[in-house]
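Working notes, structure below.
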There are 2 protein chains.
Amino acid sequence: MLGLFGRFLAMDAIDKKILAELQRDGRQSITELAERVQLSLSPCHRRVRALEASGVIEGYHAVINAKKAGLGFEALLFVTISRSDSSTFATVEQQLADIPEVVQAQRLFGEPDYLVKVVTRSLEDYQRLFDERLTGIPGVERLRSTLVMRNVVSDRPLPV
Amino acid sequence: MLGLFGRFLAMDAIDKKILAELQRDGRQSITELAERVQLSLSPCHRRVRALEASGVIEGYHAVINAKKAGLGFEALLFVTISRSDSSTFATVEQQLADIPEVVQAQRLFGEPDYLVKVVTRSLEDYQRLFDERLTGIPGVERLRSTLVMRNVVSDRPLPV
DNA sequence: GCTGAAAGACGGACGTC
DNA sequence: GACGTCCGTCTTTCAGC
(Lines give C-alpha, C1' and ligand atoms only; values in the text may rest on other atoms or scores of the structure.)
Protein backbone atom coordinates (compact mmCIF):
# COMPACT_ATOMS: atom_id res chain seq x y z
CA MET A 1 0.00 0.00 0.00
CA LEU A 2 2.77 2.37 0.91
CA GLY A 3 4.37 1.68 -2.40
CA LEU A 4 1.24 2.66 -4.25
CA PHE A 5 0.76 5.85 -2.29
CA GLY A 6 4.40 6.60 -2.75
CA ARG A 7 3.92 6.56 -6.47
CA PHE A 8 1.14 9.12 -6.39
CA LEU A 9 2.91 11.39 -3.96
CA ALA A 10 6.08 11.16 -6.00
CA MET A 11 4.50 12.99 -8.91
CA ASP A 12 6.92 15.77 -9.71
CA ALA A 13 7.01 18.64 -12.18
CA ILE A 14 8.11 16.41 -15.05
CA ASP A 15 5.22 14.00 -14.48
CA LYS A 16 2.84 16.94 -14.57
CA LYS A 17 4.31 18.09 -17.87
CA ILE A 18 3.90 14.57 -19.22
CA LEU A 19 0.25 14.51 -18.17
CA ALA A 20 -0.39 17.92 -19.72
CA GLU A 21 1.28 16.82 -22.96
CA LEU A 22 -0.58 13.53 -23.20
CA GLN A 23 -3.87 15.25 -22.53
CA ARG A 24 -3.10 17.61 -25.40
CA ASP A 25 -1.95 14.89 -27.79
CA GLY A 26 -2.47 11.33 -26.62
CA ARG A 27 -0.97 9.72 -29.68
CA GLN A 28 2.39 11.42 -29.82
CA SER A 29 5.34 9.09 -29.70
CA ILE A 30 7.48 8.65 -26.60
CA THR A 31 10.34 10.11 -28.63
CA GLU A 32 8.41 13.31 -29.29
CA LEU A 33 7.13 13.47 -25.72
CA ALA A 34 10.64 13.02 -24.35
CA GLU A 35 11.85 16.03 -26.32
CA ARG A 36 8.96 18.18 -25.17
CA VAL A 37 9.48 17.41 -21.48
CA GLN A 38 13.26 17.70 -21.80
CA LEU A 39 14.08 14.13 -20.90
CA SER A 40 15.75 11.35 -22.77
CA LEU A 41 13.82 8.48 -24.19
CA SER A 42 14.06 5.73 -21.64
CA PRO A 43 13.23 7.58 -18.41
CA CYS A 44 10.36 9.27 -20.21
CA HIS A 45 9.11 5.90 -21.32
CA ARG A 46 9.40 4.52 -17.77
CA ARG A 47 7.47 7.45 -16.33
CA VAL A 48 4.62 7.03 -18.80
CA ARG A 49 4.39 3.30 -17.98
CA ALA A 50 4.39 4.09 -14.25
CA LEU A 51 1.63 6.67 -14.65
CA GLU A 52 -0.40 4.11 -16.59
CA ALA A 53 0.24 1.33 -14.09
CA SER A 54 -0.68 3.47 -11.09
CA GLY A 55 -3.94 4.48 -12.75
CA VAL A 56 -3.20 8.19 -13.01
CA ILE A 57 -3.52 7.73 -16.75
CA GLU A 58 -6.75 5.78 -17.19
CA GLY A 59 -6.55 5.41 -20.95
CA TYR A 60 -6.35 7.08 -24.32
CA HIS A 61 -9.33 7.97 -26.43
CA ALA A 62 -9.96 9.37 -29.88
CA VAL A 63 -12.26 12.38 -29.73
CA ILE A 64 -14.93 12.24 -32.41
CA ASN A 65 -16.71 15.24 -33.90
CA ALA A 66 -20.31 14.20 -33.27
CA LYS A 67 -21.79 16.31 -36.08
CA LYS A 68 -19.36 15.04 -38.67
CA ALA A 69 -19.97 11.49 -37.53
CA GLY A 70 -23.68 11.98 -38.22
CA LEU A 71 -24.75 12.63 -34.64
CA GLY A 72 -26.06 16.15 -34.97
CA PHE A 73 -28.23 16.39 -31.90
CA GLU A 74 -27.09 16.80 -28.32
CA ALA A 75 -29.27 17.39 -25.29
CA LEU A 76 -28.87 17.61 -21.56
CA LEU A 77 -31.51 16.02 -19.42
CA PHE A 78 -32.23 16.94 -15.82
CA VAL A 79 -33.85 14.01 -14.07
CA THR A 80 -35.73 14.22 -10.79
CA ILE A 81 -36.90 11.01 -9.19
CA SER A 82 -40.04 10.52 -7.19
CA ARG A 83 -38.65 8.67 -4.17
CA SER A 84 -35.12 8.59 -2.80
CA ASP A 85 -34.88 4.90 -2.09
CA SER A 86 -32.09 2.65 -3.19
CA SER A 87 -34.18 0.53 -5.54
CA THR A 88 -35.40 3.60 -7.41
CA PHE A 89 -31.81 4.80 -7.80
CA ALA A 90 -30.70 1.38 -8.96
CA THR A 91 -33.51 1.04 -11.53
CA VAL A 92 -33.03 4.51 -12.97
CA GLU A 93 -29.28 4.06 -13.24
CA GLN A 94 -29.57 0.66 -14.87
CA GLN A 95 -32.09 1.90 -17.41
CA LEU A 96 -29.96 4.92 -18.26
CA ALA A 97 -26.84 2.82 -18.64
CA ASP A 98 -28.67 0.50 -21.05
CA ILE A 99 -29.33 3.32 -23.53
CA PRO A 100 -26.36 3.72 -25.90
CA GLU A 101 -27.35 7.30 -26.73
CA VAL A 102 -26.74 8.20 -23.08
CA VAL A 103 -23.08 9.16 -23.20
CA GLN A 104 -22.79 10.66 -19.74
CA ALA A 105 -24.86 10.43 -16.55
CA GLN A 106 -24.05 11.77 -13.11
CA ARG A 107 -25.92 11.47 -9.87
CA LEU A 108 -25.85 14.76 -8.04
CA PHE A 109 -26.28 16.01 -4.52
CA GLY A 110 -29.44 18.11 -4.43
CA GLU A 111 -31.75 18.96 -7.30
CA PRO A 112 -31.95 17.57 -9.92
CA ASP A 113 -31.01 14.02 -8.98
CA TYR A 114 -29.29 13.26 -12.29
CA LEU A 115 -27.62 15.14 -15.07
CA VAL A 116 -27.65 13.14 -18.30
CA LYS A 117 -26.10 13.87 -21.68
CA VAL A 118 -27.80 12.34 -24.71
CA VAL A 119 -26.55 12.25 -28.32
CA THR A 120 -28.68 11.28 -31.33
CA ARG A 121 -28.70 11.72 -35.12
CA SER A 122 -31.52 14.25 -35.07
CA LEU A 123 -34.27 15.91 -33.07
CA GLU A 124 -36.69 13.29 -34.40
CA ASP A 125 -34.53 10.49 -33.02
CA TYR A 126 -34.38 12.29 -29.70
CA GLN A 127 -38.15 12.67 -29.58
CA ARG A 128 -38.55 8.96 -30.27
CA LEU A 129 -35.98 8.06 -27.62
CA PHE A 130 -37.62 10.42 -25.16
CA ASP A 131 -41.14 9.07 -25.70
CA GLU A 132 -40.26 5.42 -26.04
CA ARG A 133 -37.55 4.93 -23.46
CA LEU A 134 -36.86 7.90 -21.23
CA THR A 135 -40.41 8.69 -20.11
CA GLY A 136 -40.97 5.01 -19.43
CA ILE A 137 -38.34 4.71 -16.70
CA PRO A 138 -40.10 3.85 -13.45
CA GLY A 139 -39.46 6.14 -10.51
CA VAL A 140 -38.82 9.24 -12.61
CA GLU A 141 -40.90 12.19 -11.52
CA ARG A 142 -39.68 14.88 -13.85
CA LEU A 143 -37.57 15.06 -17.00
CA ARG A 144 -36.39 18.39 -18.29
CA SER A 145 -34.51 18.57 -21.61
CA THR A 146 -32.14 21.40 -22.35
CA LEU A 147 -30.29 22.00 -25.56
CA VAL A 148 -26.66 23.03 -25.62
CA MET A 149 -26.44 26.35 -27.44
CA ARG A 150 -22.66 26.60 -27.45
CA ASN A 151 -19.64 24.95 -25.91
CA VAL A 152 -17.85 27.79 -24.18
CA VAL A 153 -15.11 25.62 -22.71
CA SER A 154 -14.98 22.09 -24.06
CA ASP A 155 -13.20 19.35 -22.15
CA ARG A 156 -10.13 21.27 -21.21
CA PRO A 157 -7.12 19.35 -19.87
CA LEU A 158 -7.12 18.98 -16.09
CA PRO A 159 -4.96 21.64 -14.39
CA VAL A 160 -2.40 19.18 -13.01
CA MET B 1 -17.40 21.11 -51.25
CA LEU B 2 -18.88 17.99 -52.75
CA GLY B 3 -15.64 16.22 -52.05
CA LEU B 4 -15.82 17.05 -48.38
CA PHE B 5 -19.43 16.04 -48.02
CA GLY B 6 -18.67 12.93 -50.01
CA ARG B 7 -16.15 11.95 -47.40
CA PHE B 8 -18.61 12.21 -44.55
CA LEU B 9 -21.38 10.43 -46.38
CA ALA B 10 -18.98 7.74 -47.48
CA MET B 11 -18.52 6.57 -43.90
CA ASP B 12 -19.28 2.88 -44.02
CA ALA B 13 -19.44 0.07 -41.48
CA ILE B 14 -15.65 -0.31 -41.36
CA ASP B 15 -15.14 3.37 -40.63
CA LYS B 16 -17.62 3.08 -37.79
CA LYS B 17 -15.73 0.13 -36.40
CA ILE B 18 -12.51 2.13 -36.62
CA LEU B 19 -14.10 5.03 -34.74
CA ALA B 20 -15.45 2.71 -32.07
CA GLU B 21 -12.04 1.07 -31.67
CA LEU B 22 -10.11 4.33 -31.48
CA GLN B 23 -12.56 5.70 -28.95
CA ARG B 24 -11.94 2.60 -26.85
CA ASP B 25 -8.15 2.67 -27.21
CA GLY B 26 -6.71 5.71 -28.91
CA ARG B 27 -3.12 4.58 -28.68
CA GLN B 28 -3.32 1.18 -30.30
CA SER B 29 -1.10 0.71 -33.32
CA ILE B 30 -2.44 0.70 -36.86
CA THR B 31 -1.32 -2.93 -37.05
CA GLU B 32 -3.50 -3.86 -34.10
CA LEU B 33 -6.43 -1.77 -35.33
CA ALA B 34 -6.24 -3.35 -38.78
CA GLU B 35 -6.60 -6.82 -37.26
CA ARG B 36 -9.55 -5.79 -35.12
CA VAL B 37 -11.49 -4.26 -38.00
CA GLN B 38 -10.58 -7.12 -40.35
CA LEU B 39 -8.62 -5.06 -42.80
CA SER B 40 -5.08 -5.20 -43.99
CA LEU B 41 -2.58 -2.63 -42.90
CA SER B 42 -2.45 -0.06 -45.63
CA PRO B 43 -6.16 0.56 -46.30
CA CYS B 44 -6.70 0.74 -42.56
CA HIS B 45 -3.96 3.32 -42.32
CA ARG B 46 -5.45 5.35 -45.17
CA ARG B 47 -8.89 5.32 -43.57
CA VAL B 48 -7.57 6.58 -40.25
CA ARG B 49 -5.69 9.40 -41.96
CA ALA B 50 -8.81 10.31 -43.96
CA LEU B 51 -10.94 10.38 -40.81
CA GLU B 52 -8.36 12.64 -39.18
CA ALA B 53 -8.08 14.93 -42.21
CA SER B 54 -11.84 15.31 -42.59
CA GLY B 55 -12.16 16.24 -38.93
CA VAL B 56 -14.30 13.29 -37.88
CA ILE B 57 -11.46 12.40 -35.54
CA GLU B 58 -10.65 15.65 -33.76
CA GLY B 59 -7.74 14.37 -31.75
CA TYR B 60 -6.47 11.92 -29.19
CA HIS B 61 -6.37 12.57 -25.48
CA ALA B 62 -5.07 10.80 -22.42
CA VAL B 63 -7.76 10.47 -19.76
CA ILE B 64 -6.46 11.35 -16.32
CA ASN B 65 -7.88 10.08 -13.04
CA ALA B 66 -8.49 13.40 -11.30
CA LYS B 67 -8.33 11.99 -7.76
CA LYS B 68 -5.07 10.17 -8.36
CA ALA B 69 -3.62 13.27 -9.97
CA GLY B 70 -4.37 15.18 -6.76
CA LEU B 71 -7.57 16.86 -7.97
CA GLY B 72 -10.03 15.36 -5.53
CA PHE B 73 -12.85 17.86 -5.79
CA GLU B 74 -15.33 18.19 -8.63
CA ALA B 75 -18.37 20.46 -8.72
CA LEU B 76 -21.01 21.45 -11.21
CA LEU B 77 -22.06 25.05 -11.25
CA PHE B 78 -25.38 26.30 -12.59
CA VAL B 79 -25.03 29.93 -13.63
CA THR B 80 -27.91 32.30 -14.24
CA ILE B 81 -27.13 35.73 -15.61
CA SER B 82 -28.98 38.95 -14.82
CA ARG B 83 -29.46 40.30 -18.33
CA SER B 84 -29.50 38.50 -21.66
CA ASP B 85 -27.47 40.96 -23.64
CA SER B 86 -24.50 40.09 -25.76
CA SER B 87 -21.94 41.96 -23.67
CA THR B 88 -23.02 40.11 -20.51
CA PHE B 89 -22.67 36.77 -22.31
CA ALA B 90 -19.30 37.78 -23.68
CA THR B 91 -17.97 38.91 -20.30
CA VAL B 92 -19.18 35.83 -18.44
CA GLU B 93 -17.76 33.48 -21.07
CA GLN B 94 -14.42 35.24 -21.16
CA GLN B 95 -14.10 35.18 -17.38
CA LEU B 96 -15.03 31.51 -17.20
CA ALA B 97 -12.58 30.60 -19.94
CA ASP B 98 -9.79 32.38 -18.07
CA ILE B 99 -10.13 30.08 -15.05
CA PRO B 100 -8.01 26.93 -15.53
CA GLU B 101 -10.09 25.01 -12.98
CA VAL B 102 -13.09 25.41 -15.29
CA VAL B 103 -12.76 22.30 -17.42
CA GLN B 104 -16.13 22.47 -19.16
CA ALA B 105 -18.68 25.22 -19.74
CA GLN B 106 -21.77 25.12 -21.91
CA ARG B 107 -24.29 27.79 -22.69
CA LEU B 108 -27.78 26.35 -22.60
CA PHE B 109 -31.19 27.16 -23.97
CA GLY B 110 -33.44 28.00 -21.04
CA GLU B 111 -32.56 27.91 -17.37
CA PRO B 112 -29.85 27.92 -16.14
CA ASP B 113 -27.89 29.93 -18.70
CA TYR B 114 -24.65 28.01 -18.19
CA LEU B 115 -23.56 24.64 -16.95
CA VAL B 116 -19.96 24.72 -15.71
CA LYS B 117 -17.73 21.92 -14.47
CA VAL B 118 -15.00 22.89 -12.01
CA VAL B 119 -12.14 20.73 -10.73
CA THR B 120 -9.91 21.63 -7.76
CA ARG B 121 -7.57 19.93 -5.27
CA SER B 122 -10.01 20.22 -2.38
CA LEU B 123 -13.18 21.78 -1.06
CA GLU B 124 -11.07 24.56 0.45
CA ASP B 125 -9.61 25.41 -2.95
CA TYR B 126 -13.10 25.43 -4.40
CA GLN B 127 -14.36 27.78 -1.69
CA ARG B 128 -11.48 30.13 -2.40
CA LEU B 129 -12.08 29.99 -6.14
CA PHE B 130 -15.80 30.54 -5.58
CA ASP B 131 -15.34 33.55 -3.32
CA GLU B 132 -12.43 35.13 -5.11
CA ARG B 133 -13.25 34.61 -8.76
CA LEU B 134 -16.64 33.12 -9.48
CA THR B 135 -18.82 35.42 -7.38
CA GLY B 136 -16.95 38.39 -8.78
CA ILE B 137 -18.00 37.86 -12.39
CA PRO B 138 -20.12 40.82 -13.46
CA GLY B 139 -23.56 40.06 -14.84
CA VAL B 140 -24.03 36.87 -12.84
CA GLU B 141 -27.30 36.79 -10.96
CA ARG B 142 -27.18 33.40 -9.36
CA LEU B 143 -24.59 30.65 -8.84
CA ARG B 144 -25.66 27.25 -7.64
CA SER B 145 -23.00 24.63 -6.87
CA THR B 146 -23.81 20.95 -7.01
CA LEU B 147 -21.51 18.12 -6.12
CA VAL B 148 -21.24 15.00 -8.22
CA MET B 149 -22.14 12.04 -6.03
CA ARG B 150 -21.37 9.36 -8.57
CA ASN B 151 -20.59 8.94 -12.24
CA VAL B 152 -23.29 6.57 -13.45
CA VAL B 153 -22.18 6.66 -17.09
CA SER B 154 -18.84 8.31 -17.69
CA ASP B 155 -17.90 9.56 -21.15
CA ARG B 156 -19.09 6.61 -23.12
CA PRO B 157 -17.99 6.30 -26.77
CA LEU B 158 -20.40 7.93 -29.20
CA PRO B 159 -22.83 5.41 -30.74
CA VAL B 160 -21.52 5.75 -34.30
C1' DG C 1 -6.46 -3.94 -51.36
C1' DC C 2 -1.53 -5.97 -51.44
C1' DT C 3 3.73 -5.83 -51.30
C1' DG C 4 8.18 -4.03 -50.28
C1' DA C 5 11.56 -1.00 -48.41
C1' DA C 6 13.24 3.02 -45.84
C1' DA C 7 12.65 5.74 -41.75
C1' DG C 8 11.52 5.81 -37.27
C1' DA C 9 9.64 4.24 -32.70
C1' DC C 10 9.65 0.81 -29.09
C1' DG C 11 11.52 -1.48 -25.20
C1' DG C 12 15.05 -3.91 -23.44
C1' DA C 13 20.11 -4.23 -21.32
C1' DC C 14 23.81 -1.98 -19.38
C1' DG C 15 26.87 1.75 -17.66
C1' DT C 16 27.08 6.33 -14.96
C1' DC C 17 26.19 9.49 -11.42
C1' DG D 1 17.19 5.31 -7.52
C1' DA D 2 16.90 7.78 -11.59
C1' DC D 3 19.05 9.27 -15.97
C1' DG D 4 21.35 8.33 -20.39
C1' DT D 5 23.26 5.55 -24.48
C1' DC D 6 23.08 1.75 -27.44
C1' DC D 7 20.88 -1.81 -30.25
C1' DG D 8 17.77 -5.46 -32.08
C1' DT D 9 12.92 -5.74 -33.29
C1' DC D 10 8.66 -4.14 -34.64
C1' DT D 11 5.72 -0.35 -36.62
C1' DT D 12 4.78 3.31 -39.54
C1' DT D 13 4.56 5.41 -43.87
C1' DC D 14 4.98 5.91 -48.73
C1' DA D 15 6.06 4.08 -52.98
C1' DG D 16 4.34 1.16 -57.09
C1' DC D 17 1.20 -2.35 -58.52
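Every chain is numbered from 1, with letters handed out A, B, ... down the list of sequences. What's counted below: heavy atoms across the whole structure, side chains too, no hydrogens, waters or symmetry copies.
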For this session: Using heavy atoms and a sub-4.0 Å distance, could you list which residues of residues 22-29 of chain A are near DNA chain D? By number, please.
Result: none
Problem set entry | E32(B) vs R46(B), nearer the 5' end of DNA chain D by closest nucleotide | E32(B)
For this session: Give a yes-or-no answer on whether the side chains of D98(A) and Q94(A) include a donor-acceptor pair shorter than 3.5 Å.
Result: yes
Exercise. So does E93(A) pair up with R150(B), basic N to acidic O under 4.0 Å?
Worked result: yes
Exercise. Does the side-chain contact (heavy atoms from CB on, under 4.5 Å) test come out yes or no for Q106(B) and L76(A), once each step is laid out?
Worked result: CA-CA 10 Å; Q106(B) 300 172 308; L76(A) 293 175; 3.7 Å; yes
Exercise. Given the rule in the side-chain contact (heavy atoms from CB on, under 4.5 Å) test, do T120(A) and L71(A) qualify, once you have shown the distances and angles that lead to the verdict?
Worked result: CA-CA 5 Å; T120(A) 61; L71(A) 296 163; 5.7 Å; no
Exercise. Any side-chain heavy atom of R47(B) within less than 4.5 Å of one from L33(B)?
Worked result: no
Problem set entry | salt bridge (Lys or Arg N to Asp or Glu O under 4.0 Å) partners for R121(B), two or more places apart | none
Problem set entry | Single-linkage hydrophobic cluster V140(A)~L77(A), side-chain heavy atoms < 4.5 angstrom | yes
Exercise. Parallel, tilted or perpendicular for F73(A) and Y126(A), by the 30°/60° rule?
Worked result: tilted
Exercise. At under 4.0 Å between heavy atoms, what does L41(B) touch on the DNA or RNA strands: base, sugar-phosphate, or nothing?
Worked result: base
Exercise. Atom NE2 of H45(B) and atom C1' of dG8(C): how far apart are they, to the nearest Å?
Worked result: 13 Å
Exercise. In whole angstrom, what separates I30(B)'s CD1 from dG8(C)'s C1'?
Worked result: 15 Å
Seminar exercise, completed: Outer limits of DNA chain D sitting under 4.0 Å from a non-hydrogen atom of chain B, read 5' to 3', are dT11(D) to dT13(D)
